[in-house]
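Shown next, in structure tokens, is the structure this report addresses.
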Amino acid sequence: MRIRGKKYREWAGVPISSNTHEEVFSDGILLEVQARLSRTGATQLFIGIYASSGKAIREETYGSRPGETIMRALAWGVERARRIASDRSKYPTPGANSSTQSVPEMKTADPPSLPDTA
């Protein structure tokens with residue numbers, strides 16, 4: 001069971017269909033990436049990385065991915081989630097020493113510029 005953070009609750013509060021990719025590492029770390037098209041036509045993205053206990057390690061939301069299709073945003077999000085998860089020294093797993101560690105809270109970020117591949 002995942003213990004969702006604030007970013008996911010905000011994301012899920014808007015009932016829009018989304019495409020989802022989930023992946024589990026051998027140590028139990030779970031990646032979840034969702035991409036959707038908003039009612040105004042913006043491609044939106046959610047990235048969640050969860051400890052084997054289900055606790056959120058990091059969550060990010062992108063309110064708009066200009067010029068990206070849902071599938072391209074999903075692919076970008078999966079790669080970003082893998083990079084974050086592979087560098088766990090920056091994002092300690094909650095519970096290892098819960099008295100001193102906290103889940104990093106991410107603000108909604110602007111998407112980075114991507115090269116034109118058309």
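The chain is numbered in sequence order, starting from 1. This one's a predicted model, so the numbers in the text were calculated from it and none came from an experiment. Values below: every heavy atom of this structure, side chains too, minus hydrogens, waters and symmetry copies.
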- Task: Walk me through it: do V78 and L31 pass the test side chain to side chain contact (heavy atoms under 4.5 Å, CB included)?
- Result: CA-CA 8 Å; V78 168; L31 308 182; 5.8 Å; no
- Message: Could you walk me through whether I47 and W76 satisfy the side chain to side chain contact (heavy atoms under 4.5 Å, CB included) test, starting with their C-alpha distance in whole Å, then the side-chain angles of each, then the deciding distance to 0.1 Å, before giving a yes or no?
- Response: CA-CA 10 Å; I47 299 171; W76 182 89; 4.2 Å; yes
- Note on the structure: When rounded to the nearest 0.5 Å, the distance separating OG1 of T43 from OH of Y62 is 14.5 Å
- Exercise: identify the closest heavy-atom pair between F46 and K7: CE1-C, 4.4 Å
- Query: Roughly how far apart are Q44 CD and R65 CZ, rounded to 0.5 Å?
  - Reply: 12.0 Å
- Task: Carefully, step by step, assess R80 and L45 under the rule side chain to side chain contact (heavy atoms under 4.5 Å, CB included).
- Result: CA-CA 11 Å; R80 175 150 176 79; L45 183 67; over 6 Å; no
- Message: Working to the nearest 0.5 angstrom, can you tell me the gap between I49 CD1 and I84 CD1?
- Response: 4.0 Å
- Rounded to the nearest 0.5 Å, the OG atom of S52 sits from the CZ atom of F25 at a distance of 13.0 Å
- Item | Spatial distance of atom OH (Y50) from atom NZ (K55) [nearest 0.5 Å] | 13.0 Å
- Might you point out which heavy atoms bring R82 and H21 nearest each other, and give the distance in Å? NH2-NE2, 4.1 Å
- Query: Which heavy atom in A56 sits nearest to a heavy atom in G5, and how many Å separate them?
  - Reply: CB-N, 4.4 Å
- Item | Partners passing side chain to side chain contact (heavy atoms under 4.5 Å, CB included) against A42 (at least two apart in sequence or in another chain) | S38, T40, S64
- dist E79:CD -> L74:CG (nearest 0.5 Å) comes out at 10.5 Å
- With sequence neighbours excluded, tell me which residues meet side chain to side chain donor-acceptor pair (under 3.5 Å) with E22. R2
- Task: Go through the structure and list residues passing side chain to side chain donor-acceptor pair (under 3.5 Å) with S18, not counting sequence neighbours.
- Result: Q34
